[in-house]
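In this chain, numbering begins with 1 at the start of the sequence shown. Below, all heavy atoms of this structure are taken into account, side chains as well, without hydrogens, waters or symmetry copies.
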Amino acid sequence: MQVAKRPLNNIAQITQLVYPLPAPHNWGQPQHFTWSNVDINDSTPVCGSTYSYDGDSYIDQPFAGEIFCVETDGLASTVWRFAHNRARYIAPYFNTQPLGNISRDGRFFLFTSDWDAQLGIDVDGKARSDVWIVKLK
């Protein structure tokens with residue numbers, strides 16, 4: 001969870017958003033972030049999801065397989081943890097990854113998940129996934 005931000009007009013100015021870093025410091029799960037509700041002052045949180053790229057559903061560290069948001073205004077290091085996404089990437093089906101997006105008003109996070117492969121297989125043999133919505137508060 002080594003999350004940082006930097007302005008495009010000064011890419012050398014890096015601001016660490018999560019501190020201190022949770023152990024272990026090497027993070028093994030891919031992260032996908034969305035900040036479509038960003039404002040000019042960077043006062044809205046950036047939200048994201050993590051998932052196991054190799055399809056392992058074992059949750060063995062904080063933020064594994066979760067939907068979360070991170071404070072970006074620099075006033076504190078706050079991480080809000082909302083839900084587990086229960087997504088296991090089943091290659092080559094892109095839709096089984098929890099690649100989400102936040103609503104423009106910042107109230108909802110929408111993502112796809114195969115719910116630990118429990119949704120089954122379509123008649124054409126493709127892994128099924130569904131759209132899930134988390135209400136952020």
Side-chain angles (χ1 to χ4, degrees):
M1 291 301 292
Q2 193 169 356
V3 182
K5 72 173 185 175
R6 60 184 182 186
L8 293 176
N9 64 352
N10 184 0
I11 59 173
Q13 179 187 340
I14 298 172
T15 304
Q16 190 74 24
L17 297 179
V18 178
Y19 52 87
L21 290 176
H25 299 307
N26 58 333
W27 188 253
Q29 291 195 336
Q31 304 163 28
H32 180 266
F33 291 95
T34 175
W35 208 12
S36 55
N37 63 326
V38 67
D39 63 20
I40 196 164
N41 299 316
D42 292 346
S43 64
T44 60
V46 61
C47 296
S49 60
T50 58
Y51 65 97
S52 173
Y53 193 76
D54 59 7
D56 183 11
S57 62
Y58 189 68
I59 296 172
D60 60 352
Q61 59 184 319
F63 309 108
E66 288 192 19
I67 304 298
F68 59 90
C69 296
V70 178
E71 185 173 1
T72 59
D73 59 13
L75 300 176
S77 174
T78 306
V79 179
W80 296 273
R81 298 165 71 186
F82 291 101
H84 282 100
N85 55 50
R86 309 307 299 173
R88 294 189 335 188
Y89 174 59
I90 301 172
Y93 306 112
F94 181 78
N95 59 314
T96 59
Q97 301 172 64
L99 307 178
N101 207 346
I102 191 166
S103 62
R104 290 192 183 243
D105 64 6
R107 295 177 55 215
F108 300 95
F109 186 87
L110 177 127
F111 66 99
T112 56
S113 172
D114 65 339
W115 212 255
D116 284 336
Q118 295 182 55
L119 299 180
I121 304 295
D122 278 336
V123 293
D124 59 3
K126 295 180 181 174
R128 287 193 61 220
S129 66
D130 241 327
V131 176
W132 307 85
I133 300 174
V134 176
K135 183 176 181 181
L136 309 174
K137 270 195 162 186

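Considering CG of Asn37 and CD1 of Ile102, their distance stands at 4.0 Å, rounded to 0.5 Å. For the atom pair CD (Gln29) and OG (Ser49), the distance works out to 10.0 Å, reported to the nearest 0.5 Å. Taking CG from Leu136 and CZ from Phe108, the interatomic distance works out to 8.0 Å, rounded to the nearest 0.5 Å. Here the straight-line distance linking atom OG of Ser103 with atom NZ of Lys135 works out to 11.0 Å at 0.5 Å rounding. From Cys47, atom SG reaches atom CZ of Phe82 across 6.5 Å, with rounding to the nearest 0.5 Å. In this structure, CG on Leu99 lies 5.0 Å from NE2 on His32, to the nearest 0.5 angstrom.
Residues Thr112 and Ser129 share a closest heavy-atom pair of CB-OG, 4.5 Å. For the residue pair Pro98 and Phe111, the shortest heavy atom distance occurs at CB-CD1, 4.0 Å.
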Decide side-chain contact (heavy atoms from CB on, under 4.5 Å) for Gln2 and Val18; before the verdict, give the C-alpha distance in whole Å, the side-chain angles of both, and the deciding distance to 0.1 Å. CA-CA 6 Å; Gln2 193 169 356; Val18 178; over 6 Å; no
Trp115 vs Asn85, test: side-chain contact (heavy atoms from CB on, under 4.5 Å). Steps then yes/no. CA-CA 7 Å; Trp115 212 255; Asn85 55 50; 5.9 Å; no
Show your reasoning for whether side-chain contact (heavy atoms from CB on, under 4.5 Å) applies to Leu21 and Gln16. CA-CA 10 Å; Leu21 290 176; Gln16 190 74 24; 3.8 Å; yes
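Thr34 contributes no side-chain N or O that, together with a main-chain N or O of Asn101, makes up a donor-acceptor pair within less than 3.5 Å. A donor-acceptor distance shorter than 3.5 angstrom exists from the side chain of Asp39 to the backbone of Asn41, with no hydrogens or angles considered. Between the side chain of Asp124 and the main chain of Lys126, a donor-acceptor pair closer than 3.5 Å is present.
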For residues 63-75, which side-chain N or O atoms pair as donor and acceptor with protein atoms under 3.5 Å away, sequence neighbours left out?
from, atom 1, to, atom 2, distance (Å)
Glu66, OE1, Arg81, NE, 2.9
Glu66, OE2, Arg81, NE, 3.3
Glu66, OE2, Arg81, NH2, 2.6
Glu71, OE1, Thr78, OG1, 2.6
Thr72, OG1, Asp42, O, 2.7
Thr72, OG1, Thr44, O, 2.6
Asp73, OD1, Leu75, N, 3.0

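Val123 pairs by the side-chain contact (heavy atoms from CB on, under 4.5 Å) definition with nothing, not counting sequence neighbours. For Ala117, the side-chain contact (heavy atoms from CB on, under 4.5 Å) test picks out Arg88, Ile90, Asp114, with sequence neighbours left out. The side-chain contact (heavy atoms from CB on, under 4.5 Å) test applied to Asn9 returns Pro7, not counting sequence neighbours. Asp105 meets the salt bridge (Lys or Arg N to Asp or Glu O under 4.0 Å) test with Arg107; sequence neighbours excluded.
The disulfide bond (SG atoms under 2.5 Å apart) pairs that include a residue from residues 91-125 number zero, where partners must be two or more places apart or lie in different chains.
At a threshold of 4.5 Å between side-chain heavy atoms, the hydrophobic network of Ile, Leu, Val, Met, Phe, Trp and Tyr places Phe94 and Tyr89 in one connected group. Grouping the Ile, Leu, Val, Met, Phe, Trp and Tyr side chains by contacts below 4.5 angstrom, directly or via other members, places Val38 with Val79. A continuous path of hydrophobic side-chain contacts links Phe109 to Trp80 [ILVMFWY only; heavy atoms under 4.5 Å].
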